[in-house]
Amino acid sequence: MFLSVFDLFKIGIGPSSSHTMGPMTAAARFLDEILTGDWPRPAGAKVDRVGASLHGSLAYTGVGHGTDRAVMLGLYGLTPVTVDPDQTDGIVEQISRDKRVSPEGHPSYRFDPGIDLVLDKKTPLLGHANGMAFYAYDASDRLLLKRIYYSIGGGFVVSEEELQRMKAKTAAPAAGKRVPYPFANAVEMLAMASRSGLSIAEMKRANEEIHMQRADLDAGLDAVWDAMSRCIDRGLSQDGIMPGGLKVRRRARQLHDKLQEQWSQNRPNPLLANDWLSIYAMAVNEENAAGGRVVTAPTNGAAGTLPAVLRYWLHFHVEADKDSIRDFLLTAAAVGGIIKTNASISGAEVGCQGEVGSASAMAAAGLCAVMGGTPEQVENAAEIALEHHLGMTCDPVGGLVQVPCIERNALGAVKAVTAASLAIKGDGKHFVPLDAAIETMRQTGMDMSEKYKETSLGGLAVNVVEC
């Protein structure tokens with residue numbers, strides 16, 4: 001199945017693509033289903049009340065990740081793209097006060113969050129760890145419609161039926177013409193690059209341009225980088241305590257000011273590049289933790305790694321330009337698509353190796369490409385970065401995307417740059433193929449205990465005392 005670059009890079013709000021953007025999108029899909037869906041409607045019956053239940057990881061860490069708020073905003077009629085982060089608090093307060101939602105194009109529906117939004121930790125939905133159900137009732141509270149959705153990582157949402165087709169590998173191919181370079185794994189990608197003489201970015205561009213005009217593709221890529229860059233800048237300008245109760249203080253601005261001072265003094269600092277990488281990544285993930293506007297790369301929890309490496313490229317490499325930014329994103333998306341197709345980018349499914357590990361691999365591939373790496377060197381860079389995240393658990397303290405997530409993005413960025421540097425100094429030949437690392441991640445994730453997969457029931461989440 002064709003995955004567009006914009007499937008991997010979605011502009012939305014924090015703190016979690018699977019816990020915030022996905023459930024908000026699911027709520028919007030349910031509203032559409034109420035109006036236009038093919039479901040049996042009893043004569044004269046009208047929807048008067050709506051509700052939702054969250055299951056699995058969404059139930060365990062839903063409050064910390066803002067899933068409850070996301071569902072409320074989605075039922076209000078907002079989407080991750082249209083919602084204004086600065087208005088969300090007021091909208092949530094209004095819904096809680098009025099106990100109603102009035103999405104555009106719909107009548108007003110009864111919805112009391114204290115009753116109609118249930119965090120069900122006892123009843124998992126078997127399709128995926130991030131399951132949710134939506135309900136519609138008439139005025140006498142008779143159930144008219146129930147729909148189950150799964151948030152499968154990176155803001156992707158599928159219905160129960162769509163998930164079953166995906167697992168059976170019978171999902172319909174994406175609409176449009178067959179792409180010229182339909183690689184589903186790294187072996188195919190390298191073989192096509194060898195035969196065509198094209199770079200990975202050039203092949204990815206050719207695939208994208210089957211579905212959109214070049215000008216639209218470039219405008220979209222520029223918008224993605226603009227959103228990433230603005231997120232870094234906003235994160236570097238903010239101070240204070242992040243929401244959620246852990247009382248974790250933002251650090252990116254303070255650290256940035258210290259670095260700026262050192263930079264102006266022109267003092268030698270062997271760790272300078274690593275310091276800038278870390279600060280850029282932390283700035284993004286502090287914004288994400290505060291519910292700001294971010295870009296899935298490939299998820300919100302891993303949103304800081306790739307932008308940090310791309311800003312590092314612009315900061316330290318004089319040859320960096322707009323075209324190289326586009327090539328970086330196209331290459332990264334090609335690798336991200338392979339990982340998502342053959343394993344997972346969901347922390348609730350395979351742990352943080354699927355989030356920050358995937359982000360680091362994507363960033364390493366993009367950086368290696370714009371530094372002049374061959375397709376074989378790019379594949380090597382992605383493999384190095386992913387290999388050294390294998391087995392990483394997802395264990396957010398308090399169910400919040402703060403500890404260890406913010407610093408983990410910084411280290412993912414450092415690993416990405418190191419991986420690209422190592423790969424480009426070689427000839428592309430290496431012992432462990434990227435496909436083997438991806439399959440290992442998939443198997444490790446399947447074997448990993450559920451308590452280490454975004455449930456906050458193990459790891460740091462239970463060994464760090466909240467204060």
Side-chain angles (χ1 to χ4, degrees), residues 8 10 12 14-26 52-68 70-71 80 119-133 148-160 162-163 166-167 288-289 296-303 336 339-340 342-359 389-405 408-409 441-462:
L8 278 300
K10 299 186 182 78
S16 170
S17 49
S18 59
H19 285 63
T20 307
M21 291 172 62
M24 193 183 303
T25 301
S53 57
L54 306 175
H55 302 260
S57 175
L58 298 182
Y60 280 109
T61 61
V63 173
H65 281 68
T67 312
D68 52 345
V71 170
L119 277 66
D120 187 347
K121 299 178 181 179
K122 296 181 179 179
T123 313
L125 299 178
L126 300 180
H128 189 278
N130 291 331
M132 67 200 105
I148 292 175
Y149 300 98
Y150 295 99
S151 182
I152 60 175
F156 288 89
V157 171
V158 294
S159 67
E160 193 168 34
E162 290 165 346
L163 184 66
M166 288 173 57
K167 290 184 174 181
N288 181 60
T296 62
T299 67
N300 282 25
I339 295 172
K340 177 169 170 44
N342 295 287
S344 176
I345 58 172
S346 169
E349 197 168 23
V350 296
C352 199
Q353 58 176 350
E355 296 205 33
V356 173
S358 297
H389 285 88
L390 292 177
M392 181 174 283
T393 60
C394 184
D395 49 356
V397 176
L400 300 168
V401 193
Q402 297 179 15
V403 180
C405 317
R408 190 168 282 176
N409 273 261
M441 184 179 77
R442 187 192 69 80
Q443 293 178 7
T444 303
M446 296 305 101
D447 292 340
M448 190 182 290
S449 169
E450 293 300 315
K451 68 182 181 180
Y452 297 121
K453 294 194 283 191
E454 211 170 4
T455 59
S456 290
L457 297 176
L460 287 176
V462 299

Got a donor-acceptor contact below 3.5 angstrom from the Ser456 side chain to the Gly398 backbone? no
Indicate the atoms forming the closest heavy-atom contact of Ala359 with Ala297, along with that distance. CB-O, 3.3 Å
Would you call Ser346 and Ile152 a side-chain contact if the rule is heavy atoms closer than 4.5 Å? no
Would you check if Met132 and Thr67 make a side-chain contact, meaning some heavy-atom pair closer than 4.5 Å? no
Restricting to non-hydrogen atoms, name the atom on Ser18 and the atom on Asn130 that form the minimum distance, rounded to 0.1 Å. CB-ND2, 3.5 Å
Keeping the roles fixed (side chain from Thr299, backbone from Ala302), state whether a donor-acceptor pair exists under 3.5 Å. yes
Just verifying a value: how many Å separate Ser17 OG and Phe156 CZ, rounded to the nearest 0.5 Å? 9.5 Å
Please check this pair: side chain of Glu454 against backbone of Cys394, looking for a donor-acceptor N/O pair closer than 3.5 Å. no
Has the side chain of Lys453 got a donor or acceptor atom that lies under 3.5 Å from a matching backbone atom of Glu349? yes
Give the intermediate values and the outcome of side chain to side chain contact (heavy atoms under 4.5 Å, CB included) for residues Glu355 and Cys405. CA-CA 10 Å; Glu355 296 205 33; Cys405 317; over 6 Å; no
Residue pair Pro15 / Ala289: nearest heavy atoms and the distance that separates them: CB-CA, 4.2 Å
Can you find a pair of side-chain heavy atoms, one from Asn409 and one from Val356, that are under 4.5 Å apart? yes
Is there side-chain contact between Val401 and His65, with heavy atoms separated by less than 4.5 Å? yes
Supply the atom-to-atom distance Tyr150 OH to Leu58 CG, rounded to the nearest 0.5 angstrom. 11.0 Å
Is there a side-chain contact between Met448 and Thr393 (heavy atoms, below 4.5 Å)? yes
d(Asp395 CG, Thr61 OG1) to nearest 0.5 Å is 12.0 Å
When rounded to the nearest 0.5 Å, the distance separating CG of Asp120 from OG of Ser53 is 6.5 Å
Is there a side-chain contact between Pro80 and Thr20 in this structure, where contact means two heavy atoms from C-beta onward sitting under 4.5 Å apart? no
Do you know which two heavy atoms are closest between Pro124 and His55, and how far apart they sit? CA-CB, 4.5 Å
Evaluate Arg442 against Val350 for side chain to side chain contact (heavy atoms under 4.5 Å, CB included), listing each step before the verdict. CA-CA 7 Å; Arg442 187 192 69 80; Val350 296; 5.6 Å; no
Between Ser358 and Ile345, the two heavy atoms sitting closest are OG-CG2, 4.0 Å
Stacked cation flag Lys451 on Tyr60, 6.0 angstrom / 45 deg: no
Find the distance between OG (Ser57) and CD (Glu450) and round it off to the nearest 0.5 Å. 9.0 Å
Heavy-atom closest pair (Ala129 atom, Ala348 atom, distance to 0.1 Å) is CB-O, 3.4 Å
Note, Pro298 side chain near Lys340 side chain (heavy atom, < 4.5 Å): no
Are Gln402 and Val397 close enough that some pair of their side-chain heavy atoms sits under 4.5 Å apart? no
Going from NZ on Lys121 to CG on Leu457, what distance comes out if it is rounded to the nearest 0.5 angstrom? 8.0 Å
Only one of Met21, Lys10, His19 passes side chain to side chain contact (heavy atoms under 4.5 Å, CB included) with Asn300; say which it is. Met21
